[in-house]
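Every chain is numbered from 1, with letters handed out A, B, ... down the list of sequences. These figures come from a predicted structure and were not determined experimentally.
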There are 2 protein chains.
Amino acid sequence: MTMTAKELENKCIEAGLKMTAPRRAVLNVLAHAEDHPSVEDVYDRAKKEDPSISIATVYRTLGLLDELGLVYRHEFTDSDHARYELNDTHHHHLIDLDTGKVLEFENPQIEKMKQKIAEDMGYELVECRLELYGRKLKK
Amino acid sequence: MTMTAKELENKCIEAGLKMTAPRRAVLNVLAHAEDHPSVEDVYDRAKKEDPSISIATVYRTLGLLDELGLVYRHEFTDSDHARYELNDTHHHHLIDLDTGKVLEFENPQIEKMKQKIAEDMGYELVECRLELYGRKLKK
DNA sequence: TTGACTGCAAATGCTTTGCACCATT
DNA sequence: AATGGTGCAAAGCATTTGCAGTCAA
């Protein structure tokens, strides 16, 4: 959890979005998620707070949050639907190929190296995706 | 181009696949692709060699090749269909956010670091996805 | 008030599948 | 001959959209 629901809400308002019950529900779900929920997951959880929410609105809201850069849209090669999390650009993921569990890690050296590679190729690094897929070592 | 069409064909035969005209067409397309074609692209190009090929077969063939690990299925966040290339695990991609062009790069240090990170987390690294998204530096 | 937002259901569009026919081995 | 492969068209399914009603500002 990198941002509170309140902070998220403020960013949305700044961006000119109206704060409605369904949107608040989605923001809360994201703010409290410890995992990487799919759209369906977000929908299910948001319904607990606003039972009348529709999945179309969840799609629309997540789309807006993605545009605003508040959220990161993952497409792990594992599961085949998109999965979301609050945008905290400084970590990456290791996906357990047997269980599908998603672990997070960060590594400053890799951050620097990414920057450098992009620069060497004449590019400014804007976005990045780094996912490791592996199997638990036994021992 | 990391494998010739012949080499690919042999690997498919080894794996027990029958070699048919449509499959050969798909293999040729992949062997000669310098880019990262979508299913649609592969279909269009394969039709030049085997006009009667159907897109269902292209999907099926690419799926098989993916299972065999002969091909890598990309899902760049840019375009929203899958895009394929022959599996050469040692390079990664930088996607130009303005043009959508895909550049390739390799970097041994990052390879090592990935390994190490996975190991430190108690995992054997099986697969990895590293994509940089950026904008051309002007000057 | 009014333009943004919503739920609903229908439409999209990529991908998969059932089926009957066909070709490789 | 047998089995796996194919084209076709229909089905699936996650996501998007048109629309008419609703609500935040």
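- Taking the side chain of A/Arg23 as heavy atoms from C-beta on, and the options C/dG7, D/dT15, C/dC5, the nearest nucleotide is C/dC5.
- Look at OH on B/Tyr43: it is 14 Å from P on C/dT15, rounded to the nearest Å.
- Screening A/Val58, A/Asp50, A/Thr57 against A/Ser54 for a side-chain contact (heavy atoms from CB on, under 4.5 Å) leaves a single residue, A/Thr57.
- Using a 4.0 Å cut-off between a side-chain N of Lys or Arg and a carboxylate O of Asp or Glu, A/Asp41 and A/Lys48 do not qualify as a salt bridge.
- For the residue pair B/Glu85 and B/His74, a side-chain donor N or O sits within less than 3.5 Å of a side-chain acceptor on the partner.
- Using a 4.0 Å heavy-atom distance criterion, B/Arg60 is classed as a base contact.
- Of the candidate nucleotides C/dT17, C/dA23, D/dT15, C/dT17 has the atom nearest to the side chain of B/Ala56.
- Using a 4.0 Å heavy-atom criterion, one finds that A/Ile55 contacts no nucleic acid atom at all.
- Nearest nucleotide to the side chain of B/Thr57, out of D/dT6, C/dC14, C/dG7: D/dT6.
- Two residues are said to be in side-chain contact when any heavy atoms from C-beta on lie closer than 4.5 Å; B/Arg129 and A/Arg129 meet this criterion.
- Residue contacts shown for B/Ala21 are absent, as no nucleic acid heavy atom lies under 4.0 Å away.
- Distance B/Glu40 CD to C/dT12 P: 17 Å, rounded to the nearest Å.
- The side chain of A/Leu17 lies closest to C/dC5 when the candidates are C/dT16, C/dC5, C/dG7.
- Note on B/Tyr59: a side-chain N or O is less than 4.0 Å away from OP1 or OP2 of C/dT15.
- Listed nucleotides: D/dG7, C/dC5, D/dT15. Nearest to the side chain of A/Lys18: C/dC5.
- Between the CD atom of A/Glu9 and the C1' atom of D/dA25 there is a distance of 14 Å, rounded to whole Å.
- Whole-Å rounding puts the A/Ile13 CD1 to D/dA24 P distance at 13 Å.
- Residues A/Phe76 and A/His93 bring their aromatic ring centres within 6.0 Å.
- Atom-to-atom, CG of A/Asp41 to C1' of D/dT15 comes out at 16 Å; the value is rounded to the nearest Å.
- Rounded to whole angstrom, the span from the NZ atom of B/Lys47 across to the C1' atom of D/dG7 amounts to 13 Å.
- Atom CZ in A/Arg24 sits about 11 Å away from atom P in C/dT6, given to the nearest Å.
- Contact check, B/Thr20 against D/dT6: a side-chain N or O comes under 4.0 Å of OP1 or OP2.
- Rounded to an integer number of Å, the gap from A/Tyr84 OH to D/dA14 C1' is 11 Å.
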